Number of protein chains: 2
Amino acid sequence: MQTFILYMPNKENNSNKINIRDIAEKTGLSISTVSRVLNNKAKEYRIGKKSQEKIRKVARELNYVPNQFAANLKSGKSNTIALIVPSLNNPFFAEISSRINTEIRKHGYITIIGESDENPEIEKKELRQLVSRNIEGLIIVPCGNQWEHIDEIHNQGIPVVCIDRYFIDLDIPFVSTDNYKGAYMAAKYFIENGHHNIVCIQGVQESNTNKLRIEGFKEAMKESGINDFNIIGDNFTFQNGYLSTQLLLKQKNRPTAIFALSNTIAMGCMKAIKEAKLDIPENISLITFDDHPYLDFLATPLSCVVQPVEDISKVAVELLYTKLYDEEQNTSKILLKPTIKIRNSVKRLMD
Amino acid sequence: MQTFILYMPNKENNSNKINIRDIAEKTGLSISTVSRVLNNKAKEYRIGKKSQEKIRKVARELNYVPNQFAANLKSGKSNTIALIVPSLNNPFFAEISSRINTEIRKHGYITIIGESDENPEIEKKELRQLVSRNIEGLIIVPCGNQWEHIDEIHNQGIPVVCIDRYFIDLDIPFVSTDNYKGAYMAAKYFIENGHHNIVCIQGVQESNTNKLRIEGFKEAMKESGINDFNIIGDNFTFQNGYLSTQLLLKQKNRPTAIFALSNTIAMGCMKAIKEAKLDIPENISLITFDDHPYLDFLATPLSCVVQPVEDISKVAVELLYTKLYDEEQNTSKILLKPTIKIRNSVKRLMD
DNA sequence: ATAATTTGCGCAAACGTTTGCATAATTCAA
DNA sequence: TTGAATTATGCAAACGTTTGCGCAAATTAT
């Protein structure tokens, strides 16, 4: 029985992806040489000028795109950084993500952004996913108080940087705003303007940023001899701001000022205040945490504590890179100074 | 000369990453078997129950995480979808990104988000980067009018879906809002409320969404016999809104209504109007394109054209997956209906 | 002319998977 | 009892790179 061997017509068109071998064949050089040239290791390995040019030319002509998966498998380098934030739908985290994303690309790396949706279980799942992609670094806004899975990454020798929220006891570097100071400044500002009856509407109590803000708030109160302040609420949501404020407004002894620990909370406050036919700052004063362009255009432009978002992002990436390159056991814990932006939502009381 | 062979002490601790071979050794089974079990191909390959259990148990104990790079290299599947948007710092795109990101993860894929910053060159660079990561699909909000690099991806057989902006002549599927209709509705609403002197402040003129909005606006005007309308501006920025409005307010024949083609433009308008000590809607009416929670809390709650962001995201992912799985040459071009949300920024004129 | 050095490059073994094709063991049929 | 069918598993070749080592040719030194 005779056997016919079938030749695949134009085999190289079989898969249109050009690889290093195709270039080697076209140039008559070896794949080693091609690899070295294309990785800019030509001088290191003393590849001749003409060979270099030939290789680069052919690579360009064939529109060669290296296969990162193969490269990573061999080299162990994934050129990938993971970023996990609670949600991109929150402008604060969206801005951070955007800045970190572009910053990281400058270094030739790529970012994979995961969202935890404030759910520790999702956070863990994301992290597993990302680890399987051999991430070389992790920047994370942890949600919740669970740190084991994050510490594990850290212990595997993968550089980790926490931003915004952090674990003070762990030796994982972080960069955040001095939340204590920010809240302190806001409270002081109220007091300087003659307010004594001040209420703070907080977010998630377990969150360490929330805790610190509360502490800063309390400290300012105590320093000024005000012992009769109030802290209510339990969530960084619109609902919480809305309901908490409704309750406040019904009180016999209505506060003269509200300190909302987030924009979402502040929006809830505004709605309740508006519905009660009251005015900011005439009837009640308001300061919020975090700035946003729209605050300028509100019925009453809102004064706020502003976090140095740009610096946080920059420093986070820098921190990551010193760990990545220098291998130094850098466990910097950095708190950046907030500022307070005065608009028009606090009334000056003179009694 | 005698040679001493040095044995590396506890070799398995050399790199703490557990791989499939470690599991094979511990279980006494082959790496093939381990691979198949861990990929849920056990029945297909008829792996015995006890072997399956043993493998899964050991994998769990050792905290095995598969190396996606190796898996992809072999299988050609990267489980990665690329998403390119102009900027995460724009709430509209941030929301889309967030939704697409979570939607895609439900399918076991991962998203890499790139930002073009409205710069076609950056867009191209991003795309190259992403292609080298063997992306299996691309969802993109193209910036600019260059489509060659996108079409090339498409021609390589990689499913591509455009969202928001698109190329009508290409056979690349897209999903967007019916921008024409949205603008038409807004204009009609002005007219129904007695406005005749209406100005539209547009964004980037080359952008096809901008073009369509302009057409819808014009159509409504013409239908109502208004031939004396005005279209100014050239950018989706605060500055553009601000400066354009300043000019408008200086005119002898001040318009009674402004249609801003984006939130950023609208914010600029508001600033100029406020500075001129004028009131919305008393002195001038305003409608903006795109909704946002904060619009409720502005000095005057802004009426707007709202795009079905959630549906856009969902449909985009669905489109991508039908192409990914069914291979059908699906080139759906989908326009979703916008709605108009009436707040309080348009005055009823009765003359 | 020979040895030493430098220059230019290729061989082949990884990296951790997946998978087509065996093969071995068991069960079943006749 | 023997062959066929079924069940359970392993071998080894890929996938596209990177890189240590080595070798030949060209150059320089002696």
Side-chain angles (χ1 to χ4, degrees), chain A residues 11-12 14-56 59 62-80 131-134 136, chain B residues 8 11-12 14-55 59 62-80 131-134 136:
Chain A
K11 177 197 162 204
E12 71 273 8
N14 207 4
S15 165
N16 43 14
K17 274 265 172 74
I18 303 295
N19 62 28
I20 218 177
R21 177 154 36 228
D22 298 328
I23 299 180
E25 279 169 15
K26 291 264 183 201
T27 55
L29 293 160
S30 76
I31 60 167
S32 321
T33 305
V34 175
S35 171
R36 300 199 245 247
V37 170
L38 263 22
N39 283 298
N40 298 316
K41 296 188 178 163
K43 329 101 262 185
E44 183 183 341
Y45 285 92
R46 297 166 310 206
I47 309 296
K49 285 283 175 198
K50 320 70 156 313
S51 296
Q52 290 189 41
E53 280 162 25
K54 215 193 300 178
I55 288 170
R56 285 189 215 282
L62 297 183
N63 196 22
Y64 169 70
V65 179
N67 182 330
Q68 295 277 346
F69 284 82
N72 169 247
L73 180 56
K74 190 75 229 322
S75 67
K77 294 206 77 239
S78 66
N79 290 313
T80 304
V131 168
S132 79
R133 286 172 188 255
N134 291 6
E136 292 181 44
Chain B
M8 189 83 73
K11 177 198 162 203
E12 71 270 9
N14 209 2
S15 165
N16 44 13
K17 275 264 172 73
I18 303 295
N19 63 26
I20 218 178
R21 179 156 31 230
D22 298 326
I23 299 180
E25 280 170 15
K26 291 264 183 202
T27 57
L29 293 160
S30 76
I31 60 166
S32 321
T33 305
V34 174
S35 171
R36 300 200 245 247
V37 169
L38 263 21
N39 282 299
N40 298 316
K41 296 188 177 164
K43 328 99 265 189
E44 183 183 342
Y45 285 92
R46 295 165 311 208
I47 310 295
K49 284 284 176 199
K50 321 68 154 312
S51 296
Q52 290 189 41
E53 280 163 24
K54 213 194 301 179
I55 288 171
L62 297 184
N63 196 22
Y64 169 70
V65 178
N67 182 330
Q68 296 277 347
F69 284 82
N72 169 247
L73 180 57
K74 189 76 228 325
S75 67
K77 294 205 78 240
S78 66
N79 290 313
T80 304
V131 167
S132 79
R133 286 171 189 255
N134 290 6
E136 292 181 44

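Predicted model, so just to flag it, every value in this text is computed and none were measured. First the proteins, then the strands, lettered A, B, ... as listed; each starts at 1.
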| Is the count of non-hydrogen atoms from other residues, nucleotides or ligands lying under 6.0 Å from Lys43(B) atom NZ greater than 12? | yes
Nearest-angstrom distance from the residue atom [atom1] of [X] to [atom2] of [N]:
X         : N       : atom1 : atom2 : value
Asn19(B)  : dC15(C) : CG    : P     : 9 Å
Asn40(A)  : dT19(D) : CG    : C1'   : 16 Å
Asn67(B)  : dT17(D) : CG    : P     : 17 Å
Ile23(A)  : dG16(D) : CD1   : P     : 13 Å
Leu29(A)  : dG8(C)  : CG    : C1'   : 10 Å
Asn134(A) : dT17(D) : CG    : P     : 18 Å
Glu44(B)  : dT9(D)  : CD    : C1'   : 14 Å
Phe69(B)  : dG16(C) : CZ    : C1'   : 12 Å

| Which letters describe nucleotides 18-24 of chain C, given B = protein heavy atom under 4.0 Å from base, S = only from sugar-phosphate, - = neither? | BBB----
Under a 3.5 Å distance rule, please check whether [X] uses its side chain to pair with a backbone N or O of [Y] as donor and acceptor.
X        : Y        : result
Ser35(A) : Thr33(A) : no
Thr27(B) : Lys54(B) : no
Gln52(B) : Ile47(B) : yes
Asn72(B) : Phe69(B) : no

| message | Run the salt bridge (charged side-chain N to carboxylate O under 4.0 Å, His left out) test against Lys77(B) and tell me which residues pass, sequence neighbours left out. | response |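 By the salt bridge (charged side-chain N to carboxylate O under 4.0 Å, His left out) rule, Lys77(B) matches Glu136(B).
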